[in-house]
Each structure stands twice: as C-alpha cells, then as structure tokens.
Amino acid sequence: MEAYEQKTRGRALAISRNGNLSNGLMFDDVTLGSKNPLDREYALQRMRSEPLYEVTQMKGDGETHPSLSPNDEFAAFERWDRGSFGAAKEPAMLPREYAREAYKRGLQYEEKLGANPFKFGMVGSTDAHTGLATTTEDNFFGKISAVEPGTPQRFEEKVTGYLPDPKGRDYTIRHYQASASGLAAVWAKDNTREALWDAMSRKEVYATTGTRLTVRVFGGWNFRPNEIDSPDFAKQGYERGVPMGGDLPAAPEGQAPSFVIRALRDPDGANLDRIQIVKGWMSKDGKLHERVHDVAWSGERKPDPATGQLPPVGNTVNVAEASYSNSIGAPMLFGYWKDPAFDPKERAFYYVRVLEIPTPRWTTHDAKFFKLELPKDVPASIQERAYTSPIWYTPVKRKG
Amino acid sequence: MDTTLTRQDAAAGPQTGAAAAARRPFLQRIAGEPLLHFLLVGALLFGAYVWMNGDDGEAPRAIRIGVADVNWLKETWSRQWQRPPTEQEMRGLVREYLKESLLAREAMEMGLDEDDTVIRRRLAQKLEFLVQDTARLGDPPEEELRQYHAAHGDRYAAPAWISFSQVQYATEAAAAEALSGLAAGGPEPAGDAGVFDRQYANADPLDVGNQFGQDFARAVFDLEPGTWQGPVPSAYGVHLVRVDAREAGQPRPFEEVSAQVRDDWLRAQQEEAVRRFHAELLDKYEVVADESIRHLLDRPAEPAP
C-alpha cells in the first residue's frame with residue numbers, strides 16, 4: 001500500500017474483518033509474520049493503513065463475546081466462536097478477536113508504546129459472494145449462490161470445518177448460523193468518492209447489522225440535556241464537540257464528557273428499543289474496565305433499582321408467521337449522557353450501540369416460506385443493532 | 001539448319017521446339033529445357049538460403065510487437081487506472097503481452113485451441129459483436145426514432161416529483177389540534193421538535209420514501225397542493241403536510257430523451273441483426289446429429305452417417 005501511495009500519489013486504506021475467525025491473530029500481541037512484540041512504529045503504521053474494522057458481517061458479529069463482557073445481556077449476538085477455517089478455538093484466543101476488548105487493550109498499548117494500534121473505526125458489511133447486498137432478514141440471499149433461498153442445503157451447508165482440526169475437535173459452523181448482515185454507514189460531507197474516502201479515513205462511520213438505522217453522536221465538554229432537541233443539533237455538535245471516530249480535546253478543569261445522541265429507526269423497518277453507551281477505560285493500576293450504560297429507551301420502563309438493569313422492550317414476533325409489529329419500541333430516540341465516573345487521568349473510549357425491537361431472524365422467514373423446521377441453536381428472533389466508531393479520551397500531561 | 005536449340009526457338013511454340021528437339025541428342029535436349037534451368041536456379045537459391053542460416057534445424061519464428069500494440073496496452077491500462085503507466089509498469093505490460101503472445105502462438109500450434117469451451121465461446125461472442133456492429137452502420141432517420149419513442153413512452157417518463165412543507169407531531173391528537181387551530185384562523189402549524197427539514201423541493205417518490213418511509217411517500221403524493229393537510233403518519237411520527245408543487249410522472253418529449261431513444265433503438269437493431277444471422281447460419285449449415293439426441297433439437301437434423 002505504501003508503494004502504491006509513493007508511486008502514484010494516490011491514497012489507500014484497508015478494512016480488516018472476521019477477527020472472530022482468526023483464532024487470536026486479529027488483535028494479537030505480536031506481529032503476524034515475524035511474531036515480534038508490537039512497537040510504536042507498528043501501531044502508527046497499522047492505524048494509518050487500517051483505520052477501519054468490519055465488526056459485523058455474514059460470518060458472525062465481532063463486537064464482543066459473553067465471556068469477555070459477562071455483564072452485557074446483548075453480548076451473545078450472532079456468535080461464530082467455534083474456530084477458524086482450519087482449527088478449533090481455544091478460550092485464550094478470544095480477547096485477541098473482538099472489537100471491544102481490542103479497544104480496551106489499545107488503551108494499555110497506548111500507555112506503553114505512545115501509540116494505540118487498535119484505534120479503528122467500525123463498519124459492517126455482507127461478505128456475500130453473490131454480489132447481492134441482501135442484508136435484511138426477509139430478503140437474505142445467502143453466502144453463495146448454492147445456498148440461495150429454496151436450495152436444499154441452505155441451512156446445513158458447512159461454512160467452516162472442512163479441514164481436519166489438529167486435535168480432532170469439531171469446529172463446524174453451518175450456513176443457518178450465517179447472519180443477514182451488515183451495512184457500512186458513512187457520515188460524508190458529500191456524495192462523492194473523495195468525501196466518502198475522507199469520512200472513512202477519519203472514522204466518522206458506523207456499522208449496522210443490516211437495517212438502515214440512522215445514528216449520530218457528538219462528544220464534548222459542555223453539552224446540555226435539552227440540546228438533543230435542538231433544530232441545529234449537528235451544527236452545534238461539530239462546533240462544540242467531536243463526532244464518532246474523533247478524539248475529545250483536553251478536559252477543562254472539573255468537567256466530564258457529555259454526549260448527545262440521535263437515533264432513527266429504518267424508515268421501513270422496526271422500532272428502536274434503546275440507545276446505549278459503551279465505555280471502556282484503563283484505571284491507574286493499569287487494569288482495563290468496561291461498562292454499558294442505557295441512555296435512552298422507548299416506553300415508560302425504569303431501570304431495576306437493585307440491578308440497574310432496564311427491563312427488556314418485549315417481543316411482538318409471531319414465529320409461525322415470521323412477522324412482528326411496531327406496537328412496542330419508538331421510531332426515534334434522543335439521548336443525553338454525561339459520564340458520572342469520569343477521571344481525567346484515565347484513558348477511555350466511548351461508543352454508541354443502538355438496539356431495535358426483536359424481529360424474525362432470516363431462518364424464521366425461511367421456515368415459514370419454505371415450510372421447514374426451525375434450526376435448533378439459533379434464536380427465532382433477533383434485535384438488530386448499530387455500533388458507532390468510538391470517541392476517545394486521552395489524558396494530557398499538564399505542566400505544574 | 002542451326003543445330004543449337006535457342007530460347008527463342010523454344011518459346012516460339014511447341015511445334016517448332018518439338019520439331020527442333022527431335023533432331024538433337026537426348027541429353028543436349030534436356031540440358032536446354034528452361035524448366036531444368038528454373039529447377040537448377042531454384043536449387044541454388046535454396047542451398048544458399050540453408051547455408052546462410054546455419055544448421056539450427058528449424059528457422060527461428062518471428063513474433064511481432066509494434067508501436068500499435070504498445071499503444072493499445074497503454075490505452076487500456078490508462079482507461080482503467082485513470083492515469084498513464086510508469087516506465088516500470090509499461091515494461092511489465094510489454095513483458096506480459098509478449099509472454100502471452102508466445103504462449104498463445106505455441107498453444108495454437110499444438111492444437112490446444114480445439115475443443116476448448118472458453119475459446120469457442122469467445123469466438124462466438126466475437127462474431128456476434130461483429131454482427132452487432134453491422135447494425136451500427138448509418139444514422140437512423142429521425143422519423144423512425146420518433147416512432148420508437150412513441151411506442152415505448154412509458155420507458156421515457158420522468159418520475160413524479162413533489163415539493164412540500166411538513167411539520168412533525170408526537171401524537172395524532174396534537175397534529176389534529178394544530179390543523180383545526182389553523183382552520184379557526186390560528187397560526188401556521190409549527191410542530192414539535194423534529195429532526196427533519198421543514199421543506200423539501202423536487203423530491204421524487206424514492207427520496208421521500210428513503211427519508212420518511214414508503215407509506216408516507218405514497219400518501220403525500222396523493223395530497224392536493226395548497227393547504228395544510230393531515231395528520232399523515234410516517235415512520236417517525238405524525239405530520240401535517242402542505243404540498244407546494246407537484247408534477248405527475250410526465251412522458252418526456254422526444255427532444256429531451258433523443259440520445260437515450262437512439263441507444264435503445266440501436267440495441268433493438270443489434271438484437272434483430274444477431275437473430276437474423278443465427279437464422280442464416282442454421283440455413284447455411286447442415287446440422288448432422290446422432291439418432292439418440294435428435295429429439296433435443298429445434299429443427300429436424302440430418303441423421304449422422
């Protein structure tokens with residue numbers, strides 16, 4: 001890529017994907033080829049060349065894993081965690097495969113190396129080998145033409161597990177476990193090649209798991225709660241804060257970061273359940289932490305006073321009919337959140353996750369349409385979601 | 001009588017030559033034959049050629065590469081990459097082209113082009129392109145294009161578009177209240193805090209649907225222009241809408257779309273030319289088929305011997 005840029009004065013970026021199938025290689029502690037420990041040079045190079053990560057696609061979702069985020073009730077989404085294309089998974093590999101954990105470890109690396117090798121933006125995509133962008137559950141054309149709707153092997157076709165595992169373990173994943181994912185959303189100033197490239201390069205992008213959710217977030221030091229209703233929401237956001245993918249400027253004395261968020265449902269899709277902010281940070285002792293906060297939600301629900309958990313939004317899915325109703329959820333959600341546990345000396349990142357109400361999974365649509373049995377170990381309904389690129393906070397060493 | 005057989009005598013005619021020849025010794029006759037002279041000269045030349053080219057068994061074969069070939073390489077590459085190739089890239093292109101040409105030549109000599117599906121398809125495609133090109137000859141008369149345009153009017157219609165103002169409310173009740181307030185002489189509807197622009201100009205059904213949902217788009221395109229109406233539900237809430245201007249999907253006049261009509265007409269001509277050519281080929285060739293598969297053919301074929 002460097003050679004291309006030098007010779008032609010063009011610009012190139014790369015988008016990596018499927019950390020969940022890399023068996024620990026995607027966010028490894030050593031380089032891929034020579035297995036050297038990561039250094040500052042590597043971190044800078046990697047973020048220059050690979051600013052984006054395809055966090056969700058047909059071969060599973062890579063945001064996080066229940067073993068890494070045990071307190072996140074939405075962490076077990078469309079998981080492909082049995083192995084790679086050649087061998088079964090070992091638990092020690094997981095922390096080096098998922099985006100949220102990588103973001104956290106990136107903070108540690110930044111402290112150690114002076115540069116963060118895992119400071120990427122997130123997008124979604126399909127990875128369809130059909131040339132068809134069919135990302136909605138009711139229109140999923142599968143990975144290859146051999147598993148298009150109506151083909152006999154559409155559920156059972158093996159996607160991984162062809163090669164023998166060195167220890168004889170079964171790590172097969174079949175096509176019914178594939179997801180009708182995902183989309184890359186880009187906040188570009190213009191619908192031109194240059195503007196899209198620039199937006200991707202600065203990480204003002206987000207991922208969805210296939211529906212057209214509109215999500216916008218700005219982080220700053222002086223946003224007020226009523227600004228989420230402001231008619232010039234975006235203008236204020238850009239002027240007084242940073243968008244997704246950006247870095248918060250130095251913290252004014254005594255201030256905590258505040259975030260203003262707007263989410264709109266897919267105009268022809270399902271209502272929204274809630275807006276969340278995922279915070280990850282490194283405490284003074286070098287340990288890594290994460291916490292998911294519910295920021296805005298539909299209806300009159302209240303978090304449980306004991307656990308802090310918000311009750312689920314409900315489920316209107318009729319499995320037999322593969323239908324749902326927008327009688328629950330909200331078409332738009334606006335949210336304001338200020339970090340109640342902010343410590344200006346601690347490195348941190350914040351990203352937004354938006355969840356829809358449950359809708360029928362594509363396997364449920366198939367079962368109804370083709371009169372098939374529902375596959376056993378995938379849910380009949382799912383909550384589609386969006387993940388924005390993070391906003392990072394980096395402490396500044398103050399003199400005096 | 002002169003006993004030497006001269007060239008002129010031989011050329012004068014068989015009778016003279018034959019008559020003259022009959023009167024001389026056999027060997028002398030042969031030695032004077034022009035055919036023999038030609039053969040001798042030819043043998044001399046051949047010998048000289050072989051001698052001059054040494055003893056490398058076969059003579060080296062030439063593969064030509066000219067300025068035109070290199071220009072073509074440069075052109076096609078530049079069109080794809082939107083810039084001219086560097087010197088190093090040019091050398092690479094030439095190297096690849098040469099390699100490819102040598103392989104192709106050698107492969108054909110070895111008969112590798114026979115019974116090859118890809119080559120057969122490519123040849124068929126190439127011929128079809130040529131036949132299509134015959135349909136390009138000559139500009140169509142405008143009258144014919146106008147007829148085509150008239151016959152396929154729906155293909156050249158512009159989408160309907162609409163300019164409208166909208167305000168958004170959280171509930172149907174609030175929207176209805178604002179509307180009745182307006183009717184009673186109250187202010188223009190202001191709406192609750194919304195996220196959308198108040199005014200949309202020249203939007204087609206797809207634009208409106210992408211923003212508000214398809215149901216809203218359908219409803220709005222049915223509204224009468226001029227007054228605030230509603231409540232109209234969208235994906236995001238309830239709206240009052242005033243259509244300011246509206247244009248139904250009009251068929252566009254010939255002048256506006258003449259380029260597209262010409263392209264479509266041309267494509268129709270090409271398809272017809274190819275279809276006719278296929279028919280001619282079927283007439284030209286006698287299809288001979290094995291007994292067991294003859295039922296698969298469209299036309300009866302001759303039995304295979």
Side-chain angles (χ1 to χ4, degrees), chain A residues 3-12 136 138 183 185 191 193-194 211-218 224-237 260-272 275 296 298-300 325-327 329-336 356-357, chain B residues 74 77-93 165-172 174-175 188-200 203-221 231-239 241:
Chain A
Y4 168 81
E5 291 188 328
Q6 274 162 16
K7 257 193 270 182
T8 70
R9 295 201 302 270
R11 294 159 75 193
T136 53
D138 62 354
L183 291 174
N191 193 11
R193 191 190 176 97
E194 289 83 356
T211 52
R212 294 183 176 266
L213 296 169
T214 305
V215 185
R216 207 139 194 202
V217 57
F218 297 96
R224 295 177 298 280
N226 61 1
E227 291 196 75
I228 58 178
D229 294 319
S230 164
D232 60 351
F233 171 80
K235 182 159 173 282
Q236 291 298 318
V260 288
I261 309 163
R262 281 187 176 178
L264 272 65
R265 67 166 238 214
D266 181 320
D268 292 304
N271 274 348
L272 305 176
I275 295 177
S298 66
E300 303 303 323
S325 144
N326 276 327
S327 52
M332 307 190 284
L333 288 172
F334 296 173
Y336 171 90
E356 286 184 6
I357 65 173
Chain B
K74 188 171 175 189
W77 198 96
S78 300
R79 236 179 290 135
Q80 184 174 359
W81 292 98
Q82 296 289 303
R83 63 170 177 88
T86 64
E87 165 94 18
Q88 194 188 8
E89 282 161 345
M90 226 25 252
R91 295 176 72 84
L93 288 173
S165 307
Q166 67 84 27
V167 289
Q168 186 177 341
Y169 293 89
T171 64
E172 211 172 292
E188 287 273 296
D192 302 333
V195 289
F196 301 109
D197 289 338
R198 205 188 146 90
Q199 288 180 315
Y200 289 81
D204 66 30
L206 196 62
D207 292 333
V208 182
N210 279 345
Q211 187 87 107
F212 295 99
Q214 294 184 27
D215 292 335
F216 180 87
R218 267 191 288 268
V220 159
F221 271 84
V232 184
S234 78
Y236 303 107
V238 183
H239 305 253
V241 179

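Numbered from 1 within each chain, the chains take letters A, B, ... in sequence-line order.
Checked against salt bridge (Lys or Arg N to Asp or Glu O under 4.0 Å), B/Glu188 has the following partners two or more places apart in sequence or in another chain: B/Arg242. Qualifying ring pair (Phe, Tyr, Trp, His ring centres under 6.0 Å) partners for B/Phe221, counting only residues two or more places apart in sequence or in other chains: none.
For the pair A/Glu5 (side chain) and A/Ala12 (backbone), a donor-acceptor distance under 3.5 Å is present.
Here the straight-line distance linking atom CG of B/Asp197 with atom CD of B/Gln166 works out to 8.0 Å at 0.5 Å rounding.
A 4.5 Å side-chain heavy-atom check between A/Leu213 and A/Leu272 finds at least one atom pair inside the cut-off.
Along residues 78-91 of chain B, the residues that come nearer than 4.5 angstrom to chain A, judged on non-hydrogen atoms, are B/Arg83, B/Gln88 in order of number.
Contact annotation for B/Phe212: only backbone heavy atoms (N, CA, C, O) come within less than 4.5 Å of a heavy atom of chain A. For A/Arg262, the part sitting under 4.5 Å from any heavy atom of chain B is the side chain, from C-beta outward, and nothing else.
Sorted by first and then second residue, the salt bridge (charged side-chain N to carboxylate O under 4.0 Å, His left out) pairs with a member in residues 204-215 of chain B read B/Asp215-B/Arg218; sequence neighbours excluded.
Across all non-hydrogen atoms, the minimal contact from A/Asp266 to B/Tyr236 is C-OH, 4.1 Å.
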